[in-house]
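Quick note on labels: first sequence line is chain A, next is B, and so on, each numbered from 1. For clarity, every value in this text was computed on a predicted model and none was experimentally measured.
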There are 2 protein chains.
Amino acid sequence: MADWLTAEEQHAWRRTAAVMTLLPAALDAQLQRDAGLTQFSYLVLAMLSESHDRVMPMSELASMVSSSLSRLSHVVSRLEQQGWVSREPCAGNGRVTMARLTDAGWEKVVATAPGHAAEVRRLVIDAVGPERITDLDAITGAILRRLDPAGRMRANPMTSEVPPAREQ
Amino acid sequence: MADWLTAEEQHAWRRTAAVMTLLPAALDAQLQRDAGLTQFSYLVLAMLSESHDRVMPMSELASMVSSSLSRLSHVVSRLEQQGWVSREPCAGNGRVTMARLTDAGWEKVVATAPGHAAEVRRLVIDAVGPERITDLDAITGAILRRLDPAGRMRANPMTSEVPPAREQ
DNA sequence: AGCTTACACTTGATGCTTCAACTGTCCAGC
DNA sequence: GCTGGACAGTTGAAGCATCAAGTGTAAGCT
């Protein structure tokens, strides 16, 4: 069996699969515990927090967080109910809806980011070690090119966020 | 912002986050399309297919697929309804339930594995390239040690499967 | 034995994600 | 200026995951 993969490949793949299972769960757990947020909803808030004026068309936001418009719409509905995001029609383009990060939403991001960033550092950055960070970058880059040849994914904070202000 | 991470670290992390989002989705899509299975339910079947006599206690199976017992129980219920797995009490230990891969389940795994393995090869193994496979292995190993210090994860097929027979 | 604790599950409710269908808007061509 | 198609979003139903609570069994203590 597994003539499909060599022993070496198989070993690496099993570990990769395990990481794909456990890492998102661990990061979700931290965010859920400390902020009551999903990784995905946090990502939405963080993306908005970094965008110009903290407003963005839904469809642009969707592509930045690599989600369907449908998923984003549901999530933004919830974030809206919590008062972190508001929706408004786009002047000059009737079919566009803009999502805006409210002040409360901004506070939420600012309060949440450090803890999340620390967890990312602990579980990924420090685990990998400084010498291997460039390897990680190269490998994930290679995989991404297969997954998303179009090359969206350009911007995607997650941790970066906590824009000190908007300039920067 | 992002004094949390250096530019280099941040870049690597963003890519990693993107891969964590897109790769499971891509693999799920292939399995769903070709076999009507979730990555997770496929993993359960594959694990069973490689185990001795294709039977295993639920709790052992749970740790092998890194899931809670609760999650596994729900999934096995569905797999049982489809006739791919059966449950039976464990003689000699009243609180253990054994999950057994049925013949139909075995056929399902055999039919599904090649296509899935090919997708894994295409999206991960070949994308990374032979020279970097060992880097991938080292990096995921390092992350895993943080995520799961206890060090389960030992066995975990995913692709390997399609045991030609049970030996080897 | 009788009691307590820990284990190995199962179940039900809740929430998020996905999918398909639907609404409303813009644009192109006739 | 009307019509057809594509685009931008929303919505509701269905499925899977997670969490909290519950059942039943084993083991240890007294």
The side chain to side chain contact (heavy atoms under 4.5 Å, CB included) partners of Ser68(B) (sequence neighbours excluded) come to Ser70(B), Arg71(B)
| request: Please answer whether the main-chain N or O of Val109(A) pairs with a side-chain N or O of Thr112(A) as donor and acceptor at a distance below 3.5 Å. | output: no
To the nearest angstrom, the CG-C1' distance between Asp28(A) and dC16(C) comes to 11 Å
Inset, instruction - Say whether Gln10(B) and Arg14(B), considering side chains only, have a donor N or O and an acceptor N or O under 3.5 Å apart. - result: yes
Sorted by chain and number, sequence neighbours left out, side-chain hydrogen bond (donor to acceptor under 3.5 Å, both in side chains) with Arg122(A) holds for Glu119(A)
Readout for nucleotides 9-19 of chain D: B = base within 4.0 Å of protein heavy atom, S = sugar-phosphate only, - = neither; 5' to 3' it is BBBB---SSBB
Here the distance between atom C1' of dC9(C) and atom CG of Asn93(B), to the nearest Å, is 11 Å
The side-chain hydrogen bond (donor to acceptor under 3.5 Å, both in side chains) partners of Arg100(A) (sequence neighbours excluded) come to Glu88(A)
- Do Arg54(B) and Thr102(B) have side-chain N/O donor and acceptor atoms under 3.5 Å apart? no
From CD of Glu88(A) across to P of dA8(D) the rounded distance in Å is 18 Å
Taken in chain and number order and not counting sequence neighbours, the residues that satisfy side chain to side chain contact (heavy atoms under 4.5 Å, CB included) with Ala138(A) are Arg132(B)
d(Met98(B) CE, Cys90(B) SG) to nearest 0.5 Å is 5.0 Å
Students should find that the end-to-end axis angle of the helix from dA1(C)-dT30(D) to dC30(C)-dG1(D), with five pairs defining each axis and rounding to 10 degrees, is 10°
